[in-house]
K.L.:
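Quick one: the structure is below, questions incoming.
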Amino acid sequence: YLERIFKYANCSPSCFVVAYIYLDRFAKKQPLLPINSLNVHRLLVTSVLISIKFMDDMCYNNAYYAKVGGISTAEINLLEVDFLFGLGFQLNVTPNTFHDYCTYLQTEMRMMGFPPLCSAPQVPTIVADHCSINEDDCQSQHHHPQLAV
């Protein structure tokens with residue numbers, strides 16, 4: 001199923017890493033909705049759809065991804081909204097988080113005999129000053145822009 005999504009999604013490889021991050025976040029934030037064999041394909045196509053919309057400049061419409069996923073357009077629309085609310089709309093991924101997940105996935109792929117899917121981006125060193133994680137709470141005179149992957 002994932003190979004089909006990979007074949008037809010026509011997105012950057014980083015979208016799959018970010019989709020995996022979203023699935024992990026969703027599973028942690030929604031423990032009463034476990035990912036299982038009955039819903040994994042819907043959650044996969046939905047997380048990939050959302051990562052593509054967030055990460056890539058161009059993407060197909062929801063009807064296209066619904067067809068790739070073997071579900072109706074109405075269902076993918078509902079799944080997208082439910083998934084976004086399930087994530088609390090937390091779509092930003094820091095370079096360090098991306099690197100950690102990409103490294104983990106590459107290690108798993110190597111253990112299974114597959115070549116690396118992507119190369120992790122260079123993670124710049126940023127001194128946090130006295131800023132908190134939430135950019136709105138940052139009281140520093142030095143503004144560090146949030147880096148998008």
K.L.:
Restricting to non-hydrogen atoms, name the atom on Leu91 and the atom on Leu87 that form the minimum distance, rounded to 0.1 Å.
P.N.:
CD2-CD1, 3.7 Å
K.L.:
Test side chain to side chain contact (heavy atoms under 4.5 Å, CB included) on Thr107 and Arg110; report intermediate values, then the result.
P.N.:
CA-CA 5 Å; Thr107 301; Arg110 253 180 290 169; 3.9 Å; yes
K.L.:
OH of Tyr104 to CG of Asp24: how many Å apart, nearest 0.5 Å?
P.N.:
9.0 Å
K.L.:
State, yes or no, whether a side-chain contact exists between Tyr60 and Leu49 at a heavy-atom distance under 4.5 Å.
P.N.:
no
K.L.:
With rounding to the nearest 0.5 Å, note down the distance linking SG in Cys11 to CD1 in Ile5.
P.N.:
9.5 Å
K.L.:
Atom OG1 in Thr97, atom CG in Asp100: separation rounded to 0.5 Å?
P.N.:
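Those atoms lie 6.0 Å apart.
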K.L.:
Can you give me the closest heavy-atom contact between Gly69 and His41, atom names plus distance?
P.N.:
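In this case the closest contact between Gly69 and His41 is O-CD2, 4.4 Å.
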K.L.:
Under 3.5 Å, is there a donor-acceptor pair between the side chain of Asp56 and the main chain of Ile52?
P.N.:
no
K.L.:
Between Lys67 and Asn62, does the side chain to side chain donor-acceptor pair (under 3.5 Å) criterion hold? Intermediate values first, please.
P.N.:
CA-CA 9 Å; Lys67 186 174 279 194; Asn62 284 19; over 6 Å; no
K.L.:
To the nearest 0.5 Å, what is the distance between CG on Leu79 and CG on Leu43?
P.N.:
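Leu79 CG to Leu43 CG: 7.0 Å, rounded to 0.5 Å.
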K.L.:
Mind checking whether Phe16 and Phe6 have parallel, tilted or perpendicular rings, split at 30° and 60°?
P.N.:
tilted
K.L.:
Any link between Val18 and Phe89 through a network of hydrophobic side chains (Ile, Leu, Val, Met, Phe, Trp, Tyr) touching at under 4.5 Å?
P.N.:
yes
K.L.:
Side chain to side chain contact (heavy atoms under 4.5 Å, CB included), that's the test. Do Val48 and Tyr65 meet it? Break it down for me.
P.N.:
CA-CA 9 Å; Val48 170; Tyr65 293 106; 5.6 Å; no
K.L.:
So do Arg25 and Val93 actually touch side chain to side chain, heavy atoms under 4.5 Å?
P.N.:
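In contact.
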K.L.:
Could you tell me if the side chain of Phe98 sits less than 4.5 Å from the side chain of Ser14, heavy atoms only?
P.N.:
yes
K.L.:
Kindly work out whether a path of hydrophobic side-chain contacts (I/L/V/M/F/W/Y, heavy atoms less than 4.5 Å apart) joins Ile71 to Leu78.
P.N.:
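Result: no, two separate clusters.
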K.L.:
Between Phe26 and Ser47, does a side chain to side chain contact (heavy atoms under 4.5 Å, CB included) hold up when you go through it step by step?
P.N.:
CA-CA 9 Å; Phe26 185 86; Ser47 66; over 6 Å; no
K.L.:
I'd like to check Ile35 versus Asn39 (side-chain heavy atoms, cut-off strictly below 4.5 Å). Are they in contact?
P.N.:
yes
K.L.:
Report yes or no: does Arg4 contribute a side-chain atom to a donor-acceptor pair with the main-chain N or O of Val68 at less than 3.5 Å?
P.N.:
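At least one qualifying donor-acceptor pair exists.
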K.L.:
Hey, what's the ring geometry for Tyr101 with Tyr20, parallel, tilted or perpendicular (30° and 60° as the breaks)?
P.N.:
perpendicular
K.L.:
Between Tyr22 (side chain only) and Ile50 (backbone N and O only), is there a donor and an acceptor less than 3.5 Å apart?
P.N.:
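Not at all, since once roles are kept as given, no pair shorter than 3.5 Å links the two residues.
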K.L.:
Quick one: CD1 on Ile76 to OG1 on Thr46, what's the gap to the nearest 0.5 Å?
P.N.:
4.5 Å
K.L.:
Against Val17, only a single residue in Ser12, Cys102, Ser51 fulfils side chain to side chain contact (heavy atoms under 4.5 Å, CB included); can you say which?
P.N.:
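Answer after filtering Ser12, Cys102, Ser51: Cys102.
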K.L.:
Compare every heavy atom of Gly86 with every heavy atom of Gln30, then report the nearest pair and how far apart it is.
P.N.:
NE2-O, 3.1 Å
K.L.:
Specify the closest pair of heavy atoms between Leu38 and Arg42, including all atoms of both residues, with the distance to one decimal.
P.N.:
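Result for this residue pair: O-NH1, 3.9 Å.
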